[in-house]
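One structure is given here, and the rest of the page talks about it.
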Amino acid sequence: MMEPIKRIKGTDDILPPESATWQYVADTIRRVMSLYNYREIITPIFEYTELFARSIGASTDIVSKEMYTFLDMGERSLTLRPEGTASVVRAYVEHSLSVKFPIAKLYYIGPMFRQEKPQKGRKRQFNQFGIEILGTDSPYADVEGIILNLRVLKELGITDTHLMINSIGDPNCRQGYRRALKEYLQPRLEKLCSDCQLRYHNNPLRVFDCKKQSCQAQLEDAPVMSDYLCDDCRKHFDKVLHILDKLDIEFSINERLVRGLDYYTKTVYEITSTALGSQNSLSGGGRYDILVEELGGKPTPAFGFAAGIERIIMAMEQSEGYETPKPQLDYFIALTNDEILTTAMEFAERLRDKGNSVNIDFRGKSLKSQMKQADKLGAKRVVIIGDDEFSKGVYLLRDMETGEQTEIPLSIIPNTDK
RNA sequence: GUGGGUGUAGCUCAGUUGGUUAGAGCACUAGGUUGUGGCCCUGGGGGCCGUGGGUUCGAGUCCCAUCACCCACCCCA
């Protein structure tokens, strides 16, 4: 026996019937996107490594240790995308989309790759969907993104969500805050864990993300970003909060919410669910007003979010009233003799011409076994063509719900309407 | 990278202080109904008990190693 080859660690095969859930989620996402008139953008799943280093930030965990990076035959460094925004912005700049779309409202959906140790809610290949609104700095854009995000979750039946929001300012006012935070932390450096001591140097804001009690204790009286926001950032944040209030959106301000990607400015937010375990973030995003410029485009303010589809499905499965999708089939064709197969195939094609889903078992099994099959496949009706019927030029149409059976000439295709 | 947990049939899991041919439910399959699904009944097929080594008269069970998966830290969606 040959040794079977197994799937790569951290990847998943999505099998029927679970794949139907996945399709349902994708359909719902696309439907909601169209409600807000967002249009799909499909970019390659690999890019030059440089793109991610420049956008996400070379010192971030994602770029410094989680990317699948390799050299192609021309010795160019390529990377499987770890997130979606960088590619969208790259395409936006590359195709000068700002000309055609003064405000570009785009969405994407597809697989992302990060080489992390897998655990609940964290795979090495996982799927995200997300949006990008490019070309406006309006706080209304932030809110539209957030409510679109919430609507997708709501329409999927996920209710136990929590929206947290914060502003991390622009590069200028954040600089002032960084300085103040470092001043505050410096005398306490000894009491922080080794990870946080590193963060102190690389990105002191991330100390807030530390889950260690001892580190959190040191942060109790730490300065908060909101005291350091410049007028423009302050106004923007207040406006976002105000609109959310007006729209009756529940949220909480989390002064310590910091994102792990370097490109964010002003608004950042995260939606969590208690159904998930340790990796409880369903989606997150924010404003990134300097990224387009950093990727070689004209200065263009923008907002976006990304959401994890596997995590969304986990949350769905745990929400009340969730049922696994049942198999659907309009017709099953059962026959008692291989000689009838050709006729049955023709008949099936004519049913399909009318838009019916049709299945035939080619194995020559007993009628009983075929009926069982039909039942298991969720067939609404079964067309039975036995030897007797075949010689008479008729078939039996059986309604699987009621058990009623009628004899009909083979020349007549059943009506599709119920 | 660091912890902890789990590996027995396709799936979910039993398996007594080590003791004959390793079990159940679901799924699959054949029949009960010689041409008809769901419910019920009866039979059948399926296991290098993760892998390698050790202890023992004897190992699914004890010991060591190894691999895989899961969960947590870390990080993020």
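Because the structure is predicted, anything quoted here is derived from the model rather than measured. Order of the sequence lines sets the chain letters (A, B, ...), proteins ahead of strands, with each chain counted from 1.
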message = Quiz question: by atom type and distance under 3.5 Å, do the side chains of S283(A) and E270(A) form a donor-acceptor pair?
response = no
With a cut-off of less than 4.0 Å, is there a side-chain N or O of [X] near OP1 or OP2 of [N]?
X	N	answer
K123(A)	C70(B)	yes
K9(A)	C69(B)	yes
S278(A)	C73(B)	yes
Q405(A)	U36(B)	no
Q119(A)	C71(B)	no

key: From I165(A), I243(A), I147(A), residue fulfilling side chain to side chain contact (heavy atoms under 4.5 Å, CB included) relative to I249(A)   =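 With I249(A) as partner, I165(A), I243(A), I147(A) yield a single side chain to side chain contact (heavy atoms under 4.5 Å, CB included), made by I147(A).
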query = Reading RNA chain B 5' to 3', what string of ( ), [ ], | and . shows its pairs, if Watson-Crick and G-U wobble pairs count only when both distances fall under 3.5 Å?
reply = (((((((..((((.....[...)))).(((((.......))))).....(((((..]....))))))))))))....
Tell me what [X] touches on the nucleic acid: a base, only sugar-phosphate, or nothing, going by heavy atoms under 4.0 Å.
X	result
I384(A)	base
G121(A)	base
G285(A)	nothing
A306(A)	sugar-phosphate
G386(A)	base
D388(A)	base
Q115(A)	nothing

Counting side-chain heavy atoms from C-beta on, which of [options] comes nearest to [X]?
X	options	result
Q279(A)	A68(B), C73(B), G37(B)	C73(B)
Q128(A)	A77(B), G35(B), A27(B)	A77(B)
F126(A)	C71(B), G37(B), A77(B)	A77(B)
L261(A)	A77(B), A30(B), G37(B)	A77(B)

Without decimals, in angstroms, what is the distance between [X] [atom1] and [N] [atom2]?
X	N	atom1	atom2	answer
K365(A)	G31(B)	NZ	C1'	13 Å
K380(A)	G38(B)	NZ	C1'	17 Å
L15(A)	A27(B)	CG	C1'	15 Å

ask   = Taking for each residue the nucleotide of RNA chain B with the nearest heavy atom, is it R114(A) or G10(A) whose nucleotide lies nearer the 5' end?
value = G10(A)
query = R7(A) or S283(A): which one's nearest nucleotide on RNA chain B is closer to the 5' end?
reply =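 In this pair, the answer is R7(A).
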ask   = With a 4.0 Å cut-off, would you call K266(A) and D170(A) a salt bridge?
value =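 Salt bridge flag = no for D170(A) with K266(A).
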key: R381(A) bridged to E401(A) by N-O distance under 4.0 Å   =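 Here R381(A) does not pair with E401(A) in a salt bridge, since their nearest N and O are not under 4.0 Å apart.
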key: Sorted by number, the residues of residues 52-67 of chain A with heavy-atom contact under 4.0 Å to RNA chain B   = D61(A), E66(A)
Protein-nucleotides 1-11 of chain B N/O pairs closer than 3.5 Å?
from  : atom 1 : to      : atom 2 : distance (Å)
U2(B) : O4     : K117(A) : NZ     : 2.7

key: Cation over ring face, R179(A) and Y177(A), 6.0 Å, 45°   = no
remark   = Sequence neighbours excluded, the answer for side-chain contact (heavy atoms from CB on, under 4.5 Å) partners of E47(A) is P44(A), L51(A), F52(A), S87(A), R90(A)
Polar side-chain atom of R81(A) near backbone of P111(A) as donor-acceptor pair, under 3.5 Å =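 It does hold such a pair.
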ask   = In chain order, what residues pass the salt bridge (Lys or Arg N to Asp or Glu O under 4.0 Å) check against E144(A), with sequence neighbours excluded?
value = K105(A)
query = Checking only heavy atoms, does the side chain of Q370(A) share a donor-acceptor pair with the base of U36(B) at less than 3.5 Å?
reply = no
query = Does any pair with a residue in residues 253-280 of chain A pass ring pair (Phe, Tyr, Trp, His ring centres under 6.0 Å), and if so which ones, sequence neighbours excluded?
reply =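 Pairs touching residues 253-280 of chain A that pass the test: Y263(A)-Y288(A).
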